[in-house]
Amino acid sequence: MKDLVRRGQKARAAGRWTEAYEAYKAALEATDAASSPVAGRAELAGEIGLCELALRRYRDAAEHLTQSLERREVLPIQLQRRFEVGQVKAAFYVGTLLLSVDPPDAEVLIDGKPVAQAARSYKVFLEPGRHLVRARAPGREEALHSISAVAGVEHEISMQLPRAAVSGVKEAPATPRQTPTGAAAARPARAASPWDSWPGALRITGIAVTTAGISAGTLLMIRAGKIDDDLSARRDRLLSEPAASPSMCWQAPRNSPCGELRRLRDARNLSGRAGVATVIAGGVVGAVTAASFFVDLSFLGGTPARERVHVSPVASGGELGARIEGLW
């Protein structure tokens with residue numbers, strides 16, 4: 001181990017960071033956690049972290065330097081300062097997750113990979129971007145949380161795993177008299193209730209009405225734009241005449257060119273207002289239809305719905321939206 005440490009120090013002094021990293025890592029792996037001094041392992045973890053920082057492996061560097069500084073009391077002051085400066089530099093490039101879990105013996109996985117040993121609280125470093133945090137424990141419901149890690153920012157999450165619901169109805173063992181035979185076995189199934197299919201029909205109708213309303217409104221607004229272009233062209237031609245003035249249409253008869261301008265103006269306003277109203281109505285129907293997909297309508301009759309969808313808002317420094325979680 002001493003030879004590996006000397007090799008790592010020599011490579012570090014020469015700027016050969018990959019060689020230094022491999023030597024320090026081999027030295028740490030060669031130590032025995034039970035018999036090796038705590039100071040030696042803490043120093044090796046810090047040296048590995050500084051090598052990873054030089055190699056731009058910021059997440060690994062932040063983890064190793066943090067592990068080393070957790071035993072800062074056994075390190076010399078100079079090493080403490082070196083490792084603290086390196087830890088601050090590494091943390092600038094990664095997101096920090098402060099995670100608390102209840103119960104403390106729950107298994108925590110981030111992006112499918114388990115996190116160390118079970119504990120009540122964790123400090124985890126994440127690469128910038130989206131990550132999925134999952135916690136599970138026997139007899140508890142699984143908890144999921146999506147996080148968008150931001151470099152240099154601390155994120156705090158508290159996850160509680162409620163106890164799993166236990167059904168109080170026990171299935172009775174089958175007996176010869178409970179086995180259906182004869183006419184009982186041939187009994188037809190219950191006819192489908194009209195309540196089982198009407199939500200789907202209404203949703204299809206809502207989608208059709210939304211599409212038709214928005215399409216019709218768009219066409220009306222396009223027609224209003226074309227009429228407005230025609231109105232502008234005719235007005236410009238009329239005002240270009242030698243005897244024309246801006247007030248010439250105030251008292252003009254209906255069958256005059258000014259009357260035609262008024263007719264075009266009224267048609268433009270009617271088409272524009274009708275188009276806006278139709279689009280708004282279609283949007284309202286579409287919003288109600290979309291909301292129906294996230295509402296359990298089984299209370300109105302028929303068999304209870306087996307699919308559950310949970311919608312919750314999500315906000316971060318750069319994003320605003322909704323997270324939809326479900327089980328199918």
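Quick caveat, the model's predicted, so the values are computed rather than measured. Just the heavy atoms: all of them, side chains too, but no hydrogens, waters or symmetry mates, feed the values below.
No more than 12 heavy-atom neighbours from other residues, nucleotides or ligands sit within 6.0 angstrom of CD on Gln78. Within a 6.0 Å sphere centred on CZ of Arg140, other residues, nucleotides and ligands contribute more than 12 heavy atoms.
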Q: Step by step, work out the side chain to side chain contact (heavy atoms under 4.5 Å, CB included) result for Leu220 and Leu270.
A: CA-CA 9 Å; Leu220 287 172; Leu270 179 61; over 6 Å; no
Q | Intermediate values then yes/no, salt bridge (Lys or Arg N to Asp or Glu O under 4.0 Å), Glu70 and Lys123 | A | CA-CA 12 Å; Glu70 288 175 352; Lys123 185 176 183 179; over 6 Å; no
Q: Please report the C-alpha distance between Asn269 and Arg273 in whole Å, then the side-chain angles of each, then the deciding distance to 0.1 Å, and finally whether the side chain to side chain contact (heavy atoms under 4.5 Å, CB included) criterion is met.
A: CA-CA 6 Å; Asn269 294 341; Arg273 292 167 184 169; 4.2 Å; yes
Q.
I'd like to know whether Arg130 forms a side chain to side chain contact (heavy atoms under 4.5 Å, CB included) with Ser146, so could you lay out the CA-CA distance, the side-chain angles of the two residues, the decisive distance to 0.1 Å, and finally the verdict.
A. CA-CA 7 Å; Arg130 182 74 63 182; Ser146 179; 3.1 Å; yes
**Q.** Ser271 vs Arg223, side-chain hydrogen bond (donor to acceptor under 3.5 Å, both in side chains): CA-CA, chis, key distance, verdict
**A.** CA-CA 7 Å; Ser271 295; Arg223 180 175 181 271; 2.4 Å; yes
Q: Apply the test side chain to side chain contact (heavy atoms under 4.5 Å, CB included) to residues Leu132 and His145: give CA-CA distance (whole Å), side-chain angles for both, the deciding distance (0.1 Å), then the verdict.
A: CA-CA 6 Å; Leu132 180 65; His145 194 99; over 6 Å; no
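Of the residues Val115, Ile110, Val133, Leu97, the one that meets the side chain to side chain contact (heavy atoms under 4.5 Å, CB included) test with Tyr122 is Val115. Each of Glu141, Glu142, Glu107 was checked for a side-chain hydrogen bond (donor to acceptor under 3.5 Å, both in side chains) with Arg136, and the lone residue meeting it is Glu107.
Cation-pi geometry between Arg57 and Tyr21 is met: under 6.0 angstrom from the ring centre, within 45 degrees of the axis.
Taken together through direct or relayed side-chain contacts under 4.5 Å among Ile, Leu, Val, Met, Phe, Trp and Tyr, Val153 and Tyr58 form parts of separate hydrophobic clusters. When hydrophobic clusters are built by joining Ile, Leu, Val, Met, Phe, Trp and Tyr residues whose side-chain heavy atoms come closer than 4.5 Å, directly or via intermediates, Met159 is grouped together with Ile147. The hydrophobic cluster containing Val279 also contains Val276, counting ILVMFWY residues as joined when their side-chain heavy atoms lie under 4.5 angstrom apart, directly or transitively.
Rounding to the nearest 0.5 angstrom, the gap separating the CG atom in Leu126 from the OG atom in Ser148 is 10.5 Å. Note that CD of Glu52 and CH2 of Trp17 are 12.0 Å apart. Values are rounded to the nearest 0.5 Å. To the nearest 0.5 Å, the span separating CG on Leu144 from CG on Leu109 amounts to 10.5 Å. Atoms CZ and CG, on Arg268 and Asp266 in that order, are 9.0 Å from each other to the nearest 0.5 Å. Here CG of Asp230 is found 4.5 Å from CZ of Arg234. Values are rounded to the nearest 0.5 Å. Annotation: the span from Glu84 atom CD to Arg81 atom CZ amounts to 8.5 Å, rounded to 0.5 Å.
Using a distance-only test at 3.5 Å, with no hydrogens or angles considered, a donor-acceptor pair links the side chain of Thr210 to the main chain of Gly286. Under the 3.5 Å distance criterion, the side-chain polar atoms of Asp102 are left unmatched by any main-chain donor or acceptor of Gln160. Checked by atom type and distance alone, the side chain of Ser68 pairs as donor or acceptor with a backbone atom of Ala42 at under 3.5 Å. Judged purely by atom type and a 3.5 angstrom limit, His155 uses its side chain to pair as donor or acceptor with the backbone of Val150.
Closest heavy-atom contact between Gly272 and Ala224: N-CB, 3.5 Å. Of all heavy-atom pairs spanning Gly49 and Leu65, the tightest one is CA-CG, 3.9 Å. Shown here for Leu75 and Ala39, the closest heavy-atom pair between the two residues is CD2-O, 4.0 Å. Between Gly95 and Ala149, the closest heavy-atom pair is CA-CB, 4.5 Å. Summarising the geometry of Val94 relative to Ala62, their closest heavy-atom pair is CG2-CB, 4.4 Å, with the distance given to 0.1 Å. Closest of all the heavy-atom pairs between Leu264 and Ile227 is O-CG2, 3.3 Å.
In this structure, the side chains of Arg16 and Thr18 stay at 4.5 Å or more apart for every pair of heavy atoms. Side chains of Arg134 and Val108 form no contact here, defined as non-hydrogen atoms less than 4.5 Å apart. With contacts defined as side-chain heavy-atom distances shorter than 4.5 Å, the pair Leu4/Arg7 qualifies. Tyr24 is listed as a side-chain neighbour of Gln9, based on a closest heavy-atom distance under 4.5 Å. Using a 4.5 Å heavy-atom threshold, the side chains of Arg72 and Phe83 count as separate. Within the 4.5 Å cutoff, the side chain of Leu99 has no heavy atoms near those of the Val124 side chain. Between Leu53 and Asp60, the closest side-chain pair of non-hydrogen atoms is not below 4.5 Å. Thr278 is not listed as a side-chain neighbour of Thr218, based on a closest heavy-atom distance of 4.5 Å or more.
Checked against side-chain hydrogen bond (donor to acceptor under 3.5 Å, both in side chains), Arg265 has no partners two or more places apart in sequence or in another chain.
Side chains of Thr66 and Gln87: a donor-acceptor N/O pair is present below 3.5 angstrom, by distance only. A donor and an acceptor atom, one from each side chain of Arg41 and Thr31, are located under 3.5 Å apart.
A salt bridge between Glu43 and Arg71 is absent, with no side-chain N of the basic residue lying under 4.0 Å from a carboxylate O of the acidic one. We find that Asp3 and Arg6 are joined by a salt bridge, their nearest charged nitrogen and carboxylate oxygen being less than 4.0 Å apart.
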